[in-house]
Number of protein chains: 2
Amino acid sequence: MQKAAIEKNNEAIAAQLAPVGRETVQDRVYSELRRALIGGLFEPSQVLTIRGLADALVTSTMPVREALGRLITEKALEALPNRSVRVPPITLDRLDDLLRARILIEGEAIALAAAHMGPRQIATIETILAEWDEMRALKHKKDVDREVTLNQSFHFEIYRSCGSAVLIPMIESLWLQSGPCIRVAIYAFSEAGEVDTAQYHRRIVEALATQDARTAREALAADISRPFTFLRDKLQFAAGKDQA
Amino acid sequence: MQKAAIEKNNEAIAAQLAPVGRETVQDRVYSELRRALIGGLFEPSQVLTIRGLADALVTSTMPVREALGRLITEKALEALPNRSVRVPPITLDRLDDLLRARILIEGEAIALAAAHMGPRQIATIETILAEWDEMRALKHKKDVDREVTLNQSFHFEIYRSCGSAVLIPMIESLWLQSGPCIRVAIYAFSEAGEVDTAQYHRRIVEALATQDARTAREALAADISRPFTFLRDKLQFAAGKDQA
DNA sequence: TCAAAGCAAGTGTGATCACAAATCAAAATC
DNA sequence: GATTTTGATTTGTGATCACACTTGCTTTGA
């Protein structure tokens, strides 16, 4: 058999086959916990145990403990002096801190993205916007999970275009940290008959389409701020009621 | 025995004793690797093995693998598809990316710190400056390790005053990522008979003392940029020579 | 009746082992 | 002599176990 022929055959096969990848159990656990955190499936202050999660995810403790360790270093979870780990609780200071950091970094990312996005990328985020409208039109009952997912897709599709391998992981870390808080806000939004989020997103798309970095940054800041200020007022009200 | 008397005795003991703490092996390994990384003890592109590090640190593989996992999530190390881990290599793009992120985030931190720092904090960083001068005056041969340490103390003493529990870990992550690069630059600086770093630091202190956030931010940007642009030129020159 | 001591279940940490994949070098093949 | 194959060694991953610490409850003692 000639080696050239074999080589050619291999290439032909390679073109057909998708790389199967070799995701470890640990990676799956990590992704799953991230998803749960960003989606707000865990409540702030909730304590997580290694064996409990291992049972829930049907694996041994090994991958879970490593995944928890990773989440702790990116401040998505918090290690108590007892050595137990919990979802960080919400405080007013932390809320302000997170918001400021998100506006700073995601603002920079979108400003960079404004210069890098082509018609191709704009079309992609417009698709997400259309999906959102569709969802809102069809079903009267709120699908918070889907809202969270679409919102995430919208934002990260933009951030991916910023071309910075350093900023994106930081933004992911910030979402991980604000996830548990935001979920509370989104629920409250839905109940309060929220102003349409799509409106804010449309302003962002318009700015990006015209490569107007400054306007995009401002529109994004407004979009991000909404749930935070909402939650902030709610907490402040609750605190005031406690005092009385 | 009256419980009041016992209580009082306990308090007396507590006042004398320092809390012993309960640092895990994993934490020590993690800190040690961080120190090595920020200090630039590992070279870019260097591959690290779990068993190798475990032997060097005289522990089992368990704490090392968890520490490595944590460092990978904060992008201080890189997981290859082979499942081996290495120190991320230097590229021009990555250098620019890191510099931009550092100016953005550390700039914000120092601007916040400018408003928060009292005479107490100013005095602390002036002490560090004095130590620097002393070191430069006394010894002619360069002590790069000490330079790195003092530089780190100076910057983080400032950042600690910014009052943001969100920004500081991000800055630490950025230092972790740029550590292996910077070391190379500092060495080169020392050989090239560098312009005195203390000069840049003094400008920062002056701005902070007068609570001039804008000037502090600019002075910091200049300080941070130096090693990066230096390294950038060096790399570009090397790349040009490769082509020829 | 109440607080302190004691006990038992649960939890995180580290060590060790088994296994699969990768790597490198020597040997076999053309 | 160059390339492929084979085999031994190394490496990361996951499971399991032993141990120490915490926690919550029961029991004991005043």
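Within every chain, numbering begins at 1; the chains are lettered A, B, ... in the order of the sequence lines, protein sequences first and strands thereafter. Side chains included, hydrogens not; waters and symmetry mates left out as well; all remaining heavy atoms used.
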Base D:dG14 paired with A:R65 side chain (donor-acceptor, <3.5 Å): no

Value in whole Å for how far the [atom2] atom of [N] lies from [atom1] of [X]:
| X | N | atom1 | atom2 | answer |
| --- | --- | --- | --- | --- |
| A:R86 | C:dT11 | CZ | C1' | 17 Å |
| B:I72 | D:dG12 | CD1 | C1' | 11 Å |
| A:L68 | C:dG12 | CG | P | 8 Å |
| A:D55 | C:dG10 | CG | C1' | 12 Å |
| A:M62 | D:dG12 | CE | P | 14 Å |
| A:R70 | D:dT13 | CZ | C1' | 13 Å |
| A:Y30 | D:dT13 | OH | P | 15 Å |
| B:E66 | D:dT13 | CD | C1' | 12 Å |

A:R83 side-chain proximity, nearest of D:dG14, C:dG12, C:dA15: C:dG12

Nearest-nucleotide pick for A:T49, side chain only, options being C:dT13, D:dG14, C:dG12: C:dG12

Residue whose closest nucleotide on DNA chain D lies nearer the 5' end, B:I50 versus A:T59: B:I50

Heavy-atom donor-acceptor pair, B:T124 side chain to B:R120 backbone, under 3.5 Å: yes

Greater than 12 external heavy atoms within 6.0 Å of A:E43's CD: no

Within the structure shown, what part of the strands sits under 4.0 Å from [X] by heavy-atom distance: base, sugar-phosphate, or nothing?
| X | result |
| --- | --- |
| B:T61 | base |
| A:R51 | base |
| B:L80 | nothing |

Qualifying residue for side chain to side chain contact (heavy atoms under 4.5 Å, CB included) with A:L99, from A:S178, A:S225, A:P227: A:S225

Mutual orientation of the aromatic rings belonging to B:F156 and B:Y159 [parallel < 30°, tilted 30-60°, perpendicular > 60°]: perpendicular

Check: B:F154 ring centroid to B:W132 ring centroid under 6.0 Å: no

Nearest-nucleotide comparison on DNA chain C, the residue closer to the 5′ end among B:T24 and B:S84: B:T24

Phosphate-side-chain proximity, B:N82 and C:dA21, N/O vs OP1/OP2 below 4.0 Å: no

